[in-house]
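Each ligand, and each atom within it, is numbered from 1 in the order the structure gives.
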Amino acid sequence: MSDTLFSKIIRREIPADIVFENAHVVGFRDLNPQAPVHVLFVPREPVPTLNDLRHDQAELAGQLLLAAAHYAREQGFAEAGYRTVINTNADAGQSVFHIHLHLLAGRTLSWPPG
Ligand code: 5GP
């Protein structure tokens, strides 16, 4: 599988503002934040898109969601609210092909998204 920018961040080869880390997931601030809080949760195991996620990798998806919810509680905005998003392929604007969960918070988020 090809190496990605996010694998390089996980290996600390490229700097990033890492705010969460456990055995499965690394979370770091988005370089181009779309809200006062914008963190990307990335599995250590590189999966290009949600389309590529296999059934035997189901725990990986759960770990991403749990990491985001843990971070929201820890940072104190879980009750106020937040949004989690996975962009998949061109129509959703996916630009890095290492699956990642966006967590957006800190302002009222409109719906539907653009
Ligand atoms: P996507 O568009 O694939 O769903 O999300 C990729 C995200 O990665 C974008 O929001 C973009 O701002 C962010 N990003 C791209 N390059 C870097 C980088 O080098 N460092 C960090 N921290 N974020 C990045």
**OP:** Report the part of A16 (side chain from C-beta onward, or backbone N, CA, C, O) that has a heavy atom under 4.0 Å from ligand 1; answer both or neither where that applies.
**Re:** neither

Subject >> Contact summary for V25 and A67, nearest pair of heavy atoms >> reply: CG1-CB, 3.9 Å

**OP:** Work out whether the distance between some heavy atom of F6 and some atom of ligand 1 is less than 4.0 Å.
**Re:** yes

**OP:** May I ask whether V85 and L50 are part of the same hydrophobic cluster, defined by side-chain heavy atoms of I, L, V, M, F, W, Y residues being less than 4.5 angstrom apart, directly or through others?
**Re:** no

Subject >> For F28, the ligand 1 atoms whose distance to one of its heavy atoms is below 4.0 Å >> reply: 22 (N)

Original post:
Should the heavy atoms of other residues, nucleotides or ligands under 6.0 Å from CG of D91 be counted, would the total exceed 12?
Top reply: no

Original post:
Less than 4.5 Å apart, any side-chain heavy atom of N22 and any of H70?
Top reply: no

Subject >> Where D3 and S7 come nearest, the two heavy atoms and their spacing >> reply: OD1-CB, 3.1 Å

**OP:** Would you mind finding which of Q94, H38, H102 brings a heavy atom closest to atom 4 (O) of ligand 1?
**Re:** H102

Subject >> Nearest-neighbour protein heavy atom for atom 17 (C) of ligand 1, which is reported as residue plus atom name and distance >> reply: L5 CD2, 3.7 Å

Original post:
Looking at atom 5 (O) of ligand 1, what's its closest protein heavy atom, distance included?
Top reply: H100 NE2, 2.9 Å

Original post:
N/O to N/O below 3.5 Å, does that happen between I14 and ligand 1?
Top reply: no

Original post:
Applying the 4.5 Å side-chain criterion to the ILVMFWY set and letting contacts propagate, would F20 and L104 be lumped into a single cluster?
Top reply: no

Original post:
Which heavy atom of the protein is the closest neighbour of atom 9 (C) of ligand 1, given with residue, atom name and distance?
Top reply: D30 OD2, 3.3 Å

Subject >> Aromatic contact, H98 with H100 (centres under 6.0 Å) >> reply: no

**OP:** Any atoms of ligand 1 less than 4.0 Å from a non-hydrogen atom of N32? List them with their elements.
**Re:** 12 (O)

Subject >> Close approach, Q34 and ligand 1, non-hydrogen under 4.0 angstrom >> reply: no

**OP:** Indicate if L66 and L60 have the same hydrophobic cluster label, given that clusters are the connected sets of ILVMFWY residues with side-chain heavy-atom separations under 4.5 angstrom.
**Re:** no

Original post:
How close does the nearest protein non-hydrogen atom get to atom 22 (N) of ligand 1, and which residue and atom is it?
Top reply: R29 O, 2.9 Å

**OP:** Mind listing the closest non-hydrogen atom pair of A105 and A35 along with its distance?
**Re:** O-CB, 3.4 Å

Original post:
What atoms of ligand 1 come closer than 4.0 angstrom to any heavy atom of N87?
Top reply: 4 (O)

**OP:** Have a look at ligand 1 and work out which part of V85, if any, has a heavy atom under 4.0 Å from it: side chain, backbone, both or neither.
**Re:** neither

Subject >> Shortest non-hydrogen separation from L103 to A68 and the atoms involved >> reply: CD1-O, 3.4 Å

**OP:** Report the nearest protein non-hydrogen atom to atom 24 (C) of ligand 1: residue, atom name, distance rounded to 0.1 Å.
**Re:** L31 CB, 3.7 Å

**OP:** Specify the protein heavy atom at minimum distance from atom 3 (O) of ligand 1: its residue, its atom name, and the distance to 0.1 Å.
**Re:** S95 N, 2.7 Å

